[in-house]
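Read the structure below first, then the notes.
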Amino acid sequence: MPTASSTDSSAGRCPRCDGAGFYCRDVPVGHPDFGRLIPCECQSAARQEQRLRGLRRASNLGQLSRMTFESFVPEGYGLAPHLRENLRSAYETARAYARQPRGWLVLKGRYGCGKTHLAAAIANYQVDQGCPVLFMVVPDLLDYLRAAYRPDADSPYDEQFEAVRNAPLLVLDDLGTQSSTAWAQEKLFQLLNHRYNAQLPTVITTNRELEEIDPRLRSRLADTELCQVITILAPDFRQAGADRSELSSLDHHTDQTFETFDLQGWHLDAEQRDNLRQAYETARSYATDPDGWLVYMGDYGCGKTHLAAAIANYRVAQGERALFVVVPDLLDHLRAAFSPSSNVSLDRRFEEVRNAPLLVLDDLGTQSSTPWAQEKLYQLLNHRYNARLPTVITTSLTLEELDPRLRARILDPRRVTVVAILAPSYLDRLSTRSRTNGKESVGPRRPARRGGRSLG
């Protein structure tokens, strides 16, 4: 058995272990290390490389070799200007990080927006530079660690976990899709807490909002001194060129434009007519440059749905994306995603709505007020409020009748414009006119005047 005093190096072997990889210290009998095999430092690099090879195989980075910066499309497909700018910015940030990985980079966005491609491109760039990288899908990583407990595992758990948490560059894909068991949460915290304290370069992708992540991890992801958080707003690349979302009912409102809106109004007094014109001008101004929330309140048939649809139709005519959905229909779509026969998951359906470039929620308050429905609507609107995403809401409820959590956000004048339409139902007005004028036809609506200003 080679000892620490071995000196034979004539064959280029390590003088300590004679090429065996292990050695025994030259210590007296009774010493704690007497007779104990100690891994030789000459083999530590080889053992580390062996562990990294195993991790690379587990990560499936080989299958992602096609995902490079050269194969990425930073302009997207048919994106609106602000979405193209956002995607280009994320691309440039990822390229800069790949050249000099420092700190953490978090890529956040909906399914298929390109975040995994950019994370894989960073990893592939580093591999091409001869630098070791570990690319791990989070659920696969946890399965890999669980398997290390098996008696026939290639290496013990501690050794495998050590290799992951000390990887020179670690890419964790799909954080938040793992099972949220106590063991999984604890392992992820141990892993990321170690890398946070050691300030090891780490790339993370997630479709979750930071507030949905384990608070212990969220506090580290929110550290702006170490971590960059990039939100990608682009829609699913894999649905490029696809028809409008099946959630949207805007096709049923194609005739509701600014040009077909009736500003004359029948049997309106001067205050109601002036109020309706201001509501119209606010909608036109918002359609030109959607910013924050616009909330229309009023009786059924007063014109609020027409104005909301006109905003969406205007944006679509400009080549932008808009999602127009009636609130009860939205909740039905979300419930349907629970069905085993559904071809889309609840998470994906919910992501499509809460990150829509422009969302129109029609008839808020007409849905069934179950705790589940209230919670989903709150999650949706709270996210869009915090992310400052353009949102148009119509409701026949008064402010006092709204969920207090939503009312608090709607009453924020910094982000929300509330327009109360005073006009009564348009159908009632037509009925009144018909009774007044006998069989007189209504005739075509007069085109509305262009231009306008925003209230408040």
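Side-chain atoms are counted along with the backbone in the values below, which use heavy atoms only and exclude waters and symmetry mates.
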Would you call V316 and L250 a side-chain contact if the rule is heavy atoms closer than 4.5 Å? yes
Taking only residues two or more places apart in sequence, or in another chain, which ones meet F161 in a ring-ring contact (aromatic ring centres under 6.0 Å, His included)? Y157
Checking H194 against N166: is there a side-chain donor and acceptor pair closer than 3.5 Å? yes
Check K108 with E212, please: is the shortest side-chain N to carboxylate O separation under 4.0 Å? no
cation_pi(R415, Y385) dist<6.0 Å, angle<=45: yes
Taking atom types as modelled, is there a side-chain donor on H117 or T68 under 3.5 Å from an acceptor on the other? no
Is it true that E351 and R110 have a side-chain N and a carboxylate O under 4.0 angstrom from each other? no
Donor + acceptor pair across side chains of D362, T305 (<3.5 Å): yes
Between the side chains of Y300 and S396, does any donor sit under 3.5 Å from an acceptor? yes
With the threshold set at 4.0 Å, does a side-chain nitrogen-carboxylate oxygen contact exist between E92 and R95? no
Can we say D274 and R277 salt-bridge, meaning some charged N sits less than 4.0 Å from an Asp/Glu carboxylate O? no
E209 and R384 ion-paired at < 4.0 Å: no
Which residues pass the side-chain contact (heavy atoms from CB on, under 4.5 Å) test with E271, not counting sequence neighbours? D269, L422
Is D223 salt-bridged to R220, cutoff N-O under 4.0 Å? no
